[in-house]
Amino acid sequence: MIPPASPRCTQLGPLLARCRLDRGWSQQRAAAELCAAAGVPTLSRHEISRWERQRRVPGGFWLGWLAVVLDVPLVALAEAAAATRRAGSTRATGPGRATGPGRATPRGVRPAGRTGPGRTTRGGGARTMTTG
């Protein structure tokens, strides 16, 4: 088992990369090991790269399998994932989701006029249908 240097201040990307490299695995091999363990054939080395570069943070499902495959305590990975989220190191993709060059919308704030299923930008009451 490879414990992180200090799990409370370590971010997830560097921790994952270190654990993978300590095993001598490529990102492709790490993806293959995760797929085999989880029984899910859809994880690619590209997703491993996104996690290591902190473009994305894996959810609970993948954190559990990463703990098994990399032989790291789940709590260490969960704490590192939380630290990464708190630091704002992840950059969500899509319009209106991330700040950066050319983006005026702060993370977590929905631009006016954007709605999704069952959501409205104003009010909060039930939607009514008119017949006509």
Novice: If I compare all heavy atoms of R85 with all of G59, which pair ends up nearest, and what's the gap?
Specialist: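 Here R85 and G59 meet closest at NH2-CA, 4.4 Å.
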
Novice: Return each pair, listed once, that meets salt bridge (charged side-chain N to carboxylate O under 4.0 Å, His left out) where at least one residue sits in residues 37-49; pairs must be two or more places apart or across chains.
Specialist: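 Applying salt bridge (charged side-chain N to carboxylate O under 4.0 Å, His left out) to every pair that reaches into residues 37-49, excluding sequence neighbours, yields E47-R50, E47-R56.
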
Novice: Between atom CG of L66 and atom CG of L34, what is the distance when rounded to the nearest 0.5 Å?
Specialist: 5.0 Å

Novice: Would you mind reporting whether L63 and V57 have side-chain heavy atoms less than 4.5 Å apart?
Specialist: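 They are not in contact (no side-chain heavy atoms under 4.5 Å apart), so the answer is no.
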
Novice: Roughly how far apart are L16 CG and L77 CG, rounded to 0.5 Å?
Specialist: 6.5 Å

Novice: Show the nearest heavy-atom pair for residues A67 and P73, with the distance to one decimal.
Specialist: CB-C, 4.4 Å

Novice: Between C35 and P41, what is the shortest heavy-atom contact and its length?
Specialist: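 Between these two residues, the closest heavy atoms are SG-C, 4.0 Å.
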
Novice: Which heavy atom of A83 sits nearest a heavy atom of T10, and at what distance?
Specialist: CB-O, 3.9 Å

Novice: What closest approach, in Å, do D71 and R23 show between heavy atoms, and which atom pair accounts for it?
Specialist: CB-NH2, 3.4 Å

Novice: Any side chain to side chain donor-acceptor pair (under 3.5 Å) involving residues 31-42? Give me the pairs, sequence neighbours left out, ordered by first then second residue.
Specialist: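 Only R29-E33 qualify under side chain to side chain donor-acceptor pair (under 3.5 Å).
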
Novice: What verdict does the side chain to side chain contact (heavy atoms under 4.5 Å, CB included) test give for I48 and W25, after you've listed the backbone C-alpha separation in whole Å, the side-chain angles of each residue and the deciding distance to 0.1 Å?
Specialist: CA-CA 12 Å; I48 303 294; W25 290 355; over 6 Å; no

Novice: Give a yes or no on whether L74 and L12 share a hydrophobic cluster (residues Ile, Leu, Val, Met, Phe, Trp, Tyr; joining criterion: side-chain heavy atoms under 4.5 Å apart).
Specialist: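 L74 clusters together with L12.
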
Novice: Answer whether the closest heavy-atom distance between the side chains of Q11 and L15 falls below 4.5 Å.
Specialist: no

Novice: Rounded to the nearest 0.5 Å, how far apart are CG of L43 and CH2 of W65?
Specialist: 13.0 Å

Novice: Quick one: side-chain hydrogen bond (donor to acceptor under 3.5 Å, both in side chains) partners of S49, sequence neighbours excluded?
Specialist: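 Testing S49 for side-chain hydrogen bond (donor to acceptor under 3.5 Å, both in side chains), a comparison that skips the adjacent residues, returns R53.
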
Novice: Go through the steps for F61 and V40 under the test side chain to side chain contact (heavy atoms under 4.5 Å, CB included), then give the verdict.
Specialist: CA-CA 11 Å; F61 176 83; V40 178; 4.0 Å; yes

Novice: Taking all non-hydrogen atoms of both residues into account, name the closest pair between R20 and A30 and its distance.
Specialist: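 Heavy-atom minimum between the residues: CD-CB, 3.8 Å.
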
Novice: Quick one, W51 and T84 - any side-chain contact, counting heavy atoms below 4.5 Å?
Specialist: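 The answer is no, as the side chains (C-beta and beyond) never meet within the 4.5 Å cut-off.
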
